[in-house]
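The next block holds one structure in the form of structure tokens; read it before the comments.
In what follows, every chain begins at residue 1, and chains take the letters A, B, ... in the order their sequences are listed. Source: prediction; values computed, not measured.
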Amino acid sequence: MSQVRYTKDHEYIRIEGAEGVVGISEHAQQQLGDVVFAEAPPVGKMLKAGDPAAVVESVKAASDVFAPASGEVIAVNSEVEATPGLINEDALGRGWLFRIKLSDAAELAKLMNEAAYADYLKTLD
Amino acid sequence: MRYLPLDASEREAMLTRIGVPDIDALFADIPPEYRIEGLLDMPLAMSEMAVERAMTAMARRSVAAGSAPFFLGAGAYRRHIPASVDHLIQRSEFLTSYTPYQPEIAQGTLQVLFEFQTQVAALTGMEVANASMYDGSTACGEAMLMAHRLTRRGKAVLSGGVHPHYAEVAATLAHMADEKITRLPPDVVACEDIAAAIDDETSCVIVQSPDFFGNPRDLSTIAAAAHARGAQVIAVFTDPVALGAVRSPGEMDADIAVGEGQGLGNALNFGGPYLGLFATRMKNVRQMPGRLAGETVDAEGRRSFVLTLSTREQHIRRERATSNICTNSGLCALAFSIHLTLLGERGLRRLAEINHANAVQLADRLSSIRGVEVLNTHFFNEFTVRTPRPSVDLIEALARRGVIGGLPVSRLLPDAGLDDCVIVASTEVNTDDDRAAYAKALSECL
Amino acid sequence: MNKQGRPTRPEDVAAKARATFTGNRALDIEEALIFETGRFDATGVDLDDPAPFQSRLGPHAREGALNLPGLTEPEALRHYVRLSRDNYSIDAGIYPLGSCTMKHNPRLNERIARLPGFADVHPLQPVSTAQGALAVIDALAKALMTMTGMSAVAMPPKAGAHGELCGMMAIKAAIEARGERETRRVVLVPDSAHGTNPATAALIGFSVRPVPAGEDGNVSVEAVKSALAPDVAAIMLTNPNTCGLFERQIAGIAEALHGAGAYFYCDGANFNAIVGKTRPGDLGVDAMHINLHKTFSTPHGGGGPGAGPVALSSRLAPYAPVPFVAREGDELNLVEHAEGTASFGRMSAFHGQMGMFVRALSFILSHGADGLRQASEDAVLSANYVRACLNDVMSAPFGDRPCMHEALFDDRWLKDTGLTTLDFAKAMIDEGYHPMTVYFPLIVHGAMLIEPTESESKAGLDLFIMTLRYLAFAVKAGDRERLLSAPVFAPRRRLDETRAARQPVLRWTRPAPA
């Protein structure tokens, strides 16, 4: 069973063995509204945790998606680039943005699990 | 004061409603030591008649271009503007509306912009155009910055045929932004080797056609060389009417086309307001500066227009915007678009043909004067002549004879060793009598 | 993340109005695109055949079609007149866009701008033949110096953001002259700033360091001091600020900046509040752009043109861009080249927005010293009147504090109604008003920024206020439909902005044959 971890910037990373799938959280997609544009990083790019990695835009806002963990980009979701509305429909599923090969699994410990993220959301607003 | 509707008793009533004793109470946040006591050191209010009298007296101190045989271009062109253009742009709903941020009550402006964008794209042979920039020179500078973003490089190569003002604007921006720029020397007869200046750091090559000296240029070979090194080609033009006669930037493989649009619909105005035209390929649209109007539908499914792709712009992306531009040249774009709609394909081609014909006839007349040499092999409506007399002096002498004879190259390029060159332009407003007057005055001055 | 909650897709709203055969609704006429009605061989301009000539275009002649449709003159008139009727305008009603200063545009100024001695003068004519044009530039610059109390005015900038660029380039040049170009690379920008401020700083290689505003909506000397460091080149601060408040500590901020070797750029977008009341130069400002299309009423034209001359302190004046006007005896001359001066160079072709200068000068002469001060006072009075009359039904983030020329409200009063600032704005459209600025400044949730300007009569203001109160009561009474479905009476209902951005259609293309 895969685990999902969250950042305070509302990215998620779904851990699948030595790899992680990155996207924006359900909360983030709701806040953003209709996503009209999504751009994933190029395959092969080395990311450090916290680097701006991808971009998602609504009509009135542009948001950076920061890498939740370090690693090399090994795949991007071209489907979501063509149909950015997938992020609104299924942020944690078909709305994923890119997949990285994790370079430091220890970093994941700093991220929030589902329950911690839910608590964190309650502290906002 | 005729523009201020409130009267003293209303002001008093409003202060009472607000709950303050006097107007000064509303300015209490200004520290007292910084408040102006009394009035600014300026004249008091004037009636409409008095202002008109004062301003008209100032206007009389200039020579209106239309009052003399007039052959000056170099980036601004005197044209016949149909009367309906000026009538329409003075419609309250165009003149006194703001940027169309509430599209439900701004469809007029938005549809005009959509039509304008389509016209500019067609004229330049490009896929997409924005809703206008300040002028041609700033559009050119913005195109350079866009090419830097697209290529992730920071070095521009400028042809020596680019209008000196445009080149200086680009150089200022490059210097301020810590980027490099290579300006090739002034190139009167279009013989420079631009390809040789392109290297693997080059983000873009900026080439004007017809160039500052009047030479149309073939950008195709330059584009091939630039593209082979991963650089963009920015095509510049300073008279939109030229594109009714010469090959378009799009046909010649340019990546970005920028130019001055004043030559359609807009008066000379001593240099502004003008409008910058900016067009590119659709794949580059997210790196484009400026506003864009796009098509959509409203809640009842009716075709509608709205400002779109706004996340590129400063009000959303702030320090990461594609440009800091906000206000553009909307009303000038409207004038351009109306003039072009009145002309249509047939009218634009005919207008371009007349411009060219008048220039050819002028070149033939001038080159028959002893000592006068036309330097261009090819030209559209503007060409460079060399005469035996220093050109600044010559142009002043012609002005004293009532002829505005063109631009002394040395006014814009003082150190180029071109003190004997004059750039001469002709448009549809010039008559055979004008040409005869010019030839006569020139003969007398040499 | 966007927390502004602005819906951009039309909701399922009230039933359609009764359909007409044409799609028209009386005076509201559906107008096709010129590309649908125009013909390639139609023209509204009669042009004679040129006399015979030998082409000198050589191999450069354009061969392919341009695909530009034409219309005859009557068709063109109808097209543009019909389109114009879909627009709101200041001539038709109050246009209370905060920070935009949509005031009355006197028609005298249009007439004067069209005098041949202004409109029909080429920028590169011999200067001996353009003395009147130079005199306008000179006179306007002097008037702006008097109003700002500053040493020089750079006239080339073509709009406010271009003026910001001018001021910041002058600052960069001054810093370079001090040998600190490599070390001073940070510009302080308050959170409440116009987006153009950080965009301008970034455009010329500065990085942006935010400065928070205090609870009272002002930036404090302490906040600036704690952001100041040897790497700071300047601050970009709007005054009066984007919340419509005068920065009370501005002189102290200026002193702190100067003490730390940094410059003070003031965004002059809101100059309309203080003309004739205080002078930015006295407050310690080093550079400030003046939007002639705001304070001095040059028409906004549906998005431009503007003009943004920049007043400069004596510390920055030497670095002003070329060209500038210089007096030589009785004659005016143009200095067009930076060589041999400290000028940072050229930032646009030719000499600035002459057409706007003429209008602005005419506006200034019409008002005079007395009228300009009265205009500022009336603008501030009107904004405070609106604020005072709406304070009990809407919510003001800074309480009862008097504002300058614009009144700011937030959306706390809409909480738990399910309605947004945008809904309220759209309901204003149905009432015949252009909405205020919404969702700006960003630091105030659901911001509504109302700037009535000095151009409104008391009766006009009263009706505007009553209308907003009526809508506010409708909200409180639970009449959500009135707002959610709005506008229903405008030429268009709400637009699908999501579709426009997801599948951008930015030009007309010929439909594929059926």
[X] versus chain C, the contacting section by heavy-atom distance below 4.5 Å:
{"X": "Leu348(B)", "result": "side chain"}
{"X": "Leu275(B)", "result": "neither"}
{"X": "Ser304(B)", "result": "both"}
{"X": "Arg349(B)", "result": "side chain"}
{"X": "Pro82(B)", "result": "side chain"}
{"X": "Gln361(B)", "result": "side chain"}

Residue among [options] with most heavy-atom pairs under 4.5 Å to chain C:
{"options": "Gly272(B), Gly344(B), Ser323(B), Gly244(B)", "result": "Gly272(B)"}
{"options": "Ala245(B), Cys326(B), Ala321(B), Ala267(B)", "result": "Ala245(B)"}
{"options": "His315(B), Glu10(B), Met14(B)", "result": "Met14(B)"}
{"options": "Thr377(B), Ile404(B), Ile325(B)", "result": "Thr377(B)"}
{"options": "Ala293(B), Ser132(B), Ala399(B)", "result": "Ala293(B)"}

If you tally heavy-atom pairs under 4.5 Å against chain B, which of [options] wins?
{"options": "Gly352(C), Gly460(C), Ala201(C)", "value": "Gly352(C)"}
{"options": "Thr200(C), Val136(C), Ile274(C)", "value": "Thr200(C)"}
{"options": "Pro106(C), Ala42(C), Gly38(C), Gly205(C)", "value": "Pro106(C)"}

Query - Tyr95(C)-His300(C) aromatic ring centre distance below 6.0 Å - result: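 Between His300(C) and Tyr95(C), which both carry aromatic rings, the centre distance is not below 6.0 Å.
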
**Report entry** Check: His351(C) ring centre within less than 6.0 Å of Phe270(B) ring centre
**Finding:**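 When the ring centroids of His351(C) and Phe270(B) are compared, they turn out to be within the sub-6.0 Å range.
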
Query raised in the report: Taking the inter-plane angle between the rings of His104(C) and Tyr3(B) on a 0 to 90° scale, is it parallel (under 30°), tilted (30 to 60°) or perpendicular (over 60°)?
Result: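 Tilted.
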
Query raised in the report: Taking the six-membered ring for Trp, are Phe94(B) and Tyr80(C) parallel (under 30°), tilted (30 to 60°) or perpendicular (over 60°)?
Result: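 The arrangement is perpendicular - the two ring planes meet at more than 60°.
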
Query raised in the report: Can you name the one residue among Leu47(C), Val45(C), Asp48(C), Thr43(C) that meets side-chain contact (heavy atoms from CB on, under 4.5 Å) with Arg350(B)?
Result: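 Exactly one pass, corresponding to Leu47(C).
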
